[in-house]
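The structure appears right after this line, and notes come after that.
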Amino acid sequence: MAIQSVGVVGCGLMGSGVAQVSAQAGFPTVVHEISPNALEKGLGSIRKFLQGGVDKGKLSAEAMQKTLSNLRGTTELKDLADCDLVIEAVSENVALKKEIFGTLDQACKPGTLLASNTSSLSITELATFTRRPEKFLGLHFFNPVPLMKLVEVIRTVRTADAALADANTWCAAIGKTVVNCGDSTGFVVNRLLVPYLLDAIRVYEQGLASRDDIDNAMKLGCGYPMGPLFLIDYVGLDTTYSIAGIMFDEFKQSRFAPPPLLKRMVLAGRHGRKTGRGFYDWSTNPPS
Ligand code: 3HC
């Protein structure tokens with residue numbers, strides 16, 4: 001197998017999950033954060049998730065220790081230089097990604113595959129920040145990464161067949177099911193999911209039904225594990241707003257336009273689970 005070691009840039013909600021599943025599958029994994037504090041916070045969330053697995057009887061204490069021994073944190077991008085695959089999972093900011101991919105391209109060995117976990121930015125554009133577009137692709141994971149079985153593997157017109165095959169093989173090795181798709185904003189899942197989530201906000205905004213009735217309608221009427229307003233809180237209102245804005249810019253279709261209520265809640269700091277308040281109050285267990 002071509003990919004033997006993995007680097008992850010960003011140890012937030014998504015990056016920590018990606019680093020965890022990689023280490024858990026036995027790959028030596030180096031995860032990067034900008035500061036020791038941010039790194040410790042991310043590694044702490046991985047330890048907490050693994051401990052939760054041990055407590056639930058899903059994971060042995062030995063498997064947890066083995067996972068942690070495969071994982072190394074760093075605040076230096078150059079420590080990812082020898083990895084066979086580096087996955088960027090920082091916030092959806094093109095300038096920041098440009099800087100990171102430029103640095104990685106300089107630092108990493110020629111064979112390293114570079115990938116972005118972006119949910120809505122153009123993989124083709126991100127590849128232009130490197131001199132290796134044939135070794136560049138999208139690896140889009142889903143939240144919560146350790147539990148969600150899917151990875152969207154995105155190729156651009158420049159991605160080499162061998163790079164795609166190696167990425168698909170690695171995703172299978174970490175226990176995920178792959179959906180291959182081309183580089184179009186939102187790929188498959190967000191192209192379908194985002195208009196649905198935005199419509200749920202519009203229905204709520206119009207007073208058609210209460211928050212709980214909207215969520216129960218989709219949970220009990222369609223068998224979804226979470227209602228749409230709960231899921232927006234889970235994903236983050238800021239993240240949903242940012243993805244919707246990028247998709248609206250791309251397609252110029254009203255179905256992707258962020259509803260006014262979403263914008264106001266983001267401005268008010270109600271970003272959902274991550275800030276303790278969104279459509280739900282997350283200071284209670286379960287959220288109320
Ligand atoms: N370690 C190991 N296993 C664990 C665990 C842990 N710490 N915590 C939970 N699990 C296991 C449970 O034991 C259970 O296993 P089982 O099915 O064998 O019994 C399973 O994981 C489910 O856990 P829970 O029973 O605690 O929780 P739920 O059944 O409520 O499921 C959920 C949680 C998987 C998050 C489910 O609610 C769900 O699928 N929600 C939808 C999430 C979703 O849509 N995500 C995508 C968002 S979009 C996105 O990410 C894209 C981005 O670009 C925006």
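When a ligand or atom number is given, it counts from 1 through the structure's own listing order. In this chain, numbering begins with 1 at the start of the sequence shown.
Within 6.0 Å of NZ in Lys274 there are more than 12 heavy atoms belonging to other residues, nucleotides or ligands.
In summary, the atoms of ligand 1 found under 4.0 Å from a heavy atom of Met226, numbered by their order in the structure, are 35 (C), 37 (O), 40 (N), 41 (C). Each of the atoms 36 (C), 37 (O), 38 (C), 39 (O), 40 (N), 41 (C) of ligand 1 lies under 4.0 Å from some heavy atom of Pro225. Residue Phe142 has at least one heavy-atom neighbour below 4.0 Å for each of these atoms of ligand 1: 49 (C), 50 (O), 51 (C). Distances below 4.0 Å separate heavy atoms of Gly53 from the following atoms of ligand 1: 1 (N), 2 (C), 6 (C), 7 (N). Against a heavy-atom cut-off of under 4.0 Å, Lys56 is close to the following atoms of ligand 1: 5 (C), 8 (N), 9 (C), 13 (O). Interface atoms of ligand 1 facing Ser119, defined by a heavy-atom separation under 4.0 Å, are 53 (O).
For atom 54 (C) of ligand 1, the nearest protein heavy atom lies closer than 4.0 Å. Distances from atom 18 (O) of ligand 1 to the protein include at least one heavy-atom value under 4.0 Å. The nearest protein heavy atom to atom 2 (C) of ligand 1 is closer than 4.0 Å. When distances from atom 30 (O) of ligand 1 to the protein are checked, no heavy atom turns up under 4.0 Å. Put simply, atom 25 (O) of ligand 1 has no protein non-hydrogen atoms near it, under 4.0 Å away.
The proximity of Asn143 to ligand 1, defined as any non-hydrogen pair under 4.0 Å, involves the side chain as well as the backbone. Counting heavy atoms under 4.0 Å from ligand 1, residue Pro144 touches it through the side chain alone. Of the heavy atoms in Leu231, only side-chain atoms (C-beta onward) come closer than 4.0 Å to ligand 1. In Asn190, the part holding a heavy atom less than 4.0 Å from any atom of ligand 1 is the side chain.
Between Asp82 and Lys109, no side-chain nitrogen of the basic residue sits less than 4.0 Å from a carboxylate oxygen of the acidic one, so the salt-bridge criterion is not met. Salt-bridge formation is not detected for the pair Asp233/Arg273: no Lys NZ or Arg NE/NH1/NH2 atom is positioned less than 4.0 Å from an Asp or Glu carboxylate oxygen. Between Arg155 and Glu134, none of the side-chain N atoms (NZ, or NE/NH1/NH2) sits under 4.0 Å from a carboxylate O, so this pair counts as no salt bridge.
Of the listed residues (Val157, Ile154, Thr159), just one forms a side-chain contact (heavy atoms from CB on, under 4.5 Å) with Asp183, and that residue is Ile154. A ring pair (Phe, Tyr, Trp, His ring centres under 6.0 Å) with Phe230 is found for exactly one of Trp282, Tyr224, Phe279, namely Trp282. Each of His140, Glu92, Glu152 was checked for a side chain to side chain donor-acceptor pair (under 3.5 Å) with Ser119, and the lone residue meeting it is Glu92.
Shortest contact from atom 6 (C) of ligand 1 to any protein heavy atom: Phe49 CE2, 3.3 Å. For atom 48 (S) of ligand 1, the closest non-hydrogen atom of the protein is Leu193 CD2, 3.6 Å. Of the protein's heavy atoms, Leu147 CD1, 4.2 Å lies nearest to atom 23 (O) of ligand 1. What sits closest to atom 52 (C) of ligand 1 on the protein, heavy atoms only, is His140 NE2, 3.8 Å.
Taking the six-membered ring wherever Trp is involved, the centroid distance between the rings of Phe101 and Phe136 falls below 6.0 Å.
Atom CZ of residue Phe49 and atom OG of residue Ser16 lie 9.5 Å apart, to the nearest 0.5 angstrom. The structure places NZ of Lys98 at 7.5 Å from OG1 of Thr128, a figure rounded to the nearest 0.5 Å. To the nearest 0.5 Å, atom OG1 of residue Thr124 and atom CG of residue Leu137 are 11.0 Å apart. Rounding to the nearest 0.5 Å gives a distance of 10.5 Å between SG of Cys108 and CG of Leu113.
Nearest residue to atom 15 (O) of ligand 1 from Lys149, Lys58, Lys219, Lys48 is Lys58 (criterion: closest heavy atom). In this comparison of Leu13, Leu150, Val235, the heavy atom closest to atom 47 (C) of ligand 1 sits on Val235.
Not close to ligand 1: Leu59, with no non-hydrogen atom less than 4.0 angstrom away. Note on ligand 1: Met14 sits outside its first shell, no heavy atom being nearer than 4.0 Å.
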Taking it one step at a time, do Gln20 and Leu50 satisfy side chain to side chain contact (heavy atoms under 4.5 Å, CB included)?
CA-CA 9 Å; Gln20 179 190 320; Leu50 293 170; 3.7 Å; yes
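Between Thr130 and Lys135 the shortest side-chain heavy-atom distance does not fall below 4.5 Å.
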